[in-house]
2 protein chains.
Amino acid sequence: MESTRAKIITAAVRCFRDNPSDTLEKVAEEAGVSRRTLHRYFENREDLIESCKNEMLVSCNKAMILAYESDPGPIIKIRNMLFAAIEQGANYAFVKRIYERSNFSDLEMKKEFESDDVKSKWFNLIKELQKAERINPELTIPWIFNLFGSIIETAIYAFESGDVAKNDSRNFAWISFKGAIGLKE
Amino acid sequence: MESTRAKIITAAVRCFRDNPSDTLEKVAEEAGVSRRTLHRYFENREDLIESCKNEMLVSCNKAMILAYESDPGPIIKIRNMLFAAIEQGANYAFVKRIYERSNFSDLEMKKEFESDDVKSKWFNLIKELQKAERINPELTIPWIFNLFGSIIETAIYAFESGDVAKNDSRNFAWISFKGAIGLKE
DNA sequence: GTAATATGTCACATATTTGAGACATATTTC
DNA sequence: GAAATATGTCTCAAATATGTGACATATTAC
């Protein structure tokens with residue numbers, strides 16, 4: 001049975017992803033608890049948002065590290081990271097939304113992304129593929145990074161909306177990302 | 001000189017794109033007018049949002065139709081539609097956000113998309129390319145449709161954030177979209 | 001079954017946002 | 001330059017959102 005705190009965070013992530021100013025009443029309702037209870041767990045809106053950020057980052061980073069370590073080859077590493085992110089669903093989409101308006105070099109400064117070095121691992125994988133001329137040299141790494149996130153988000157939304165079955169969304173995402181960066185396998 | 005009404009709508013689109021509940025004070029500030037003035041032009045928040053929806057749809061649809069009519073070939077049509085959407089910038093991104101949570105078949109029912117038949121034109125172009133076996137047959141049209149929107153949005157955000165120069169974002173978007181759907185030219 | 005803990009309902013004070021009247025000031029029109 | 005129009009500032013009432021105490025009720029632990 002999921003804890004009340006976890007239920008609230010899950011609901012908050014879902015609500016705040018699309019509307020950062022959604023009412024706490026709405027979040028509580030989405031969580032299936034009363035607003036009074038929500039306030040018992042979180043001091044205020046800011047506390048709730050920070051908690052969501054922290055937990056979602058930890059969760060996504062963890063999944064991505066596992067995916068990274070799941071195979072020695074760079075291509076499978078990237079593929080598994082893509083799948084791991086899609087599996088995170090709303091979590092990943094929430095994190096993406098938070099950071100959407102930051103540019104690539106700003107992100108490099110943020111501690112959140114250095115904590116587990118997910119981004120630098122990902123960065124090095126792409127660099128490796130570029131060096132080996134296995135992907136399109138015209139595309140910059142910032143572009144590829146943003147595209148990676150967008151395709152994941154597309155897969156998450158396609159599944160959530162009912163347009164695409166879960167397995168299909170994973171496969172389509174991989175096919176599309178590969179093609180988009182001109183990856184030669 | 002841009003009219004006050006237009007300034008407010010532009011500002012609202014920018015604000016509401018990322019936060020549908022942003023305060024009207026914020027929108028007014030973004031527009032460079034007082035909130036009192038904003039209230040003179042728009043009855044209430046709902047009126048403002050509806051106006052934004054209508055105007056952005058008209059603007060985007062118009063640009064897309066022009067792009068569609070700019071060349072007889074299906075591939076250049078699609079390319080130009082992609083570029084036209086990127087050129088719309090915040091307008092397109094706003095429209096995309098509004099409809100993000102609708103699935104493909106729901107969108108087919110909405111009059112907004114039937115008004116100028118942009119979507120059906122786009123749909124038929126992709127269908128044509130599928131039939132001619134010029135794109136990857138594994139990918140479904142709903143997936144391709146959503147991906148098209150995501151890549152456009154990626155280009156818009158990449159440019160806005162400063163990661164990618166304007167011309168580069170256009171070119172990267174086209175290269176990536178082509179590759180993603182396996183388009184053979 | 002009892003005690004401890006968790007949650008919901010209710011009420012309320014406070015904070016924030018909204019909508020609009022009144023009037024001053026700025027800008028545009030002729 | 002005068003008149004008309006547009007906008008800003010200020011104020012205030014109403015609406016909405018937030019945070020929390022009190023107490024009842026439900027659930028869990030022993």
Side-chain angles (χ1 to χ4, degrees), chain A residues 1-59 90-91 93-101 112, chain B residues 1-59 90-91 93-95 97-101:
Chain A
M1 196 78 253
E2 196 180 21
S3 80
T4 299
R5 187 175 188 277
K7 280 199 297 187
I8 295 170
I9 286 184
T10 299
V13 164
R14 218 155 34 221
C15 295
F16 292 150
R17 179 177 67 179
D18 295 323
N19 184 353
S21 298
D22 227 346
T23 63
L24 297 183
E25 184 74 51
K26 180 81 174 293
V27 173
E29 190 188 322
E30 181 80 28
V33 302
S34 68
R35 185 168 63 81
R36 187 66 192 83
T37 295
L38 185 151
H39 285 292
R40 288 195 177 102
Y41 284 86
F42 302 95
E43 198 176 325
N44 51 42
R45 171 184 290 275
E46 196 174 323
D47 179 27
L48 176 56
I49 289 175
E50 281 307 306
S51 297
C52 289
K53 277 189 189 177
N54 293 336
E55 297 211 1
M56 294 306 108
L57 269 168
V58 167
S59 170
N91 300 349
F94 175 79
V95 170
K96 183 176 183 297
R97 283 289 161 87
I98 294 175
Y99 294 107
E100 197 146 64
R101 312 223 33 110
E112 292 99 317
Chain B
M1 195 78 249
E2 196 181 20
S3 79
T4 299
R5 188 175 187 278
K7 281 198 295 187
I8 294 169
I9 287 184
T10 299
V13 163
R14 219 157 29 224
C15 295
F16 292 151
R17 180 179 65 180
D18 295 324
N19 183 353
S21 299
D22 229 345
T23 62
L24 297 182
E25 184 75 49
K26 180 81 176 293
V27 172
E29 192 188 323
E30 182 80 28
V33 303
S34 66
R35 186 169 62 83
R36 187 66 193 85
T37 295
L38 185 151
H39 284 292
R40 289 195 177 102
Y41 283 87
F42 301 96
E43 201 175 323
N44 51 41
R45 172 183 292 273
E46 196 176 321
D47 178 28
L48 176 57
I49 288 176
E50 279 309 305
S51 297
C52 289
K53 279 190 188 174
N54 293 336
E55 298 213 359
M56 294 308 108
L57 268 168
V58 167
S59 169
N91 300 349
F94 176 79
V95 170
R97 284 289 162 87
I98 296 176
Y99 295 107
E100 197 146 63
R101 313 225 30 115

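In this text, all values refer to a predicted model and were calculated from it rather than measured experimentally. To find a chain, count down the sequence lines: A is the first, B the second, and so on, and within it residues start at 1. Both backbone and side-chain heavy atoms feed into the values below; hydrogens, waters and symmetry mates do not.
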Given atom [atom1] of [X] and atom [atom2] of [N], what is their separation to the nearest angstrom?
X: A/Glu43; N: D/dT18; atom1: CD; atom2: P; value: 15 Å
X: B/Arg35; N: D/dC10; atom1: CZ; atom2: P; value: 13 Å
X: A/Arg45; N: C/dT17; atom1: CZ; atom2: C1'; value: 13 Å
X: A/Asn44; N: C/dA15; atom1: CG; atom2: P; value: 14 Å
X: A/Leu48; N: D/dG19; atom1: CG; atom2: C1'; value: 14 Å
X: A/Lys7; N: C/dT7; atom1: NZ; atom2: P; value: 8 Å
X: B/His39; N: D/dT9; atom1: NE2; atom2: P; value: 14 Å
X: B/Glu25; N: D/dG8; atom1: CD; atom2: C1'; value: 12 Å

Assign B/Phe42 to base, sugar-phosphate, or nothing according to its heavy-atom contacts below 4.0 angstrom with the strands shown.
nothing

Describe the nucleic acid contact of A/Thr23 in one word from base, sugar-phosphate, nothing, applying a heavy-atom distance below 4.0 Å.
sugar-phosphate

Base of D/dG19 paired with side chain of A/Arg36 (donor-acceptor, under 3.5 Å)
no

What is the minimum heavy-atom distance between B/Phe42 and B/Ile9, and which atoms define it?
CZ-CG1, 3.6 Å

For B/Ala11 and B/Glu30, the nearest pair of non-hydrogen atoms, with its separation, is CB-CG, 3.6 Å

Of the listed nucleotides D/dT7, C/dT7, C/dG19, the one nearest the side chain of B/Leu24:
C/dG19

What nucleotide, of C/dT17, C/dT7, D/dA6, holds the atom closest to the side chain of A/Thr37?
C/dT7

Enter the distance from B/Lys26:NZ to B/Cys15:SG here, rounded to the nearest 0.5 Å.
5.5 Å

Taking the side chain as every heavy atom from C-beta outward, state whether B/Arg97 and B/Asp18 have any pair of such atoms under 4.5 Å apart.
yes

A/Tyr41 vs C/dA6: side-chain N/O to OP1/OP2 distance below 4.0 Å
no

Note: for B/Arg40 and B/Glu46 on DNA chain C, the residue whose nearest nucleotide lies more 5' is B/Glu46

Taking the basic N atoms (NZ, or NE/NH1/NH2) and the acidic carboxylate oxygens, is any pair closer than 4.0 Å for B/Glu2 and B/Lys7?
no

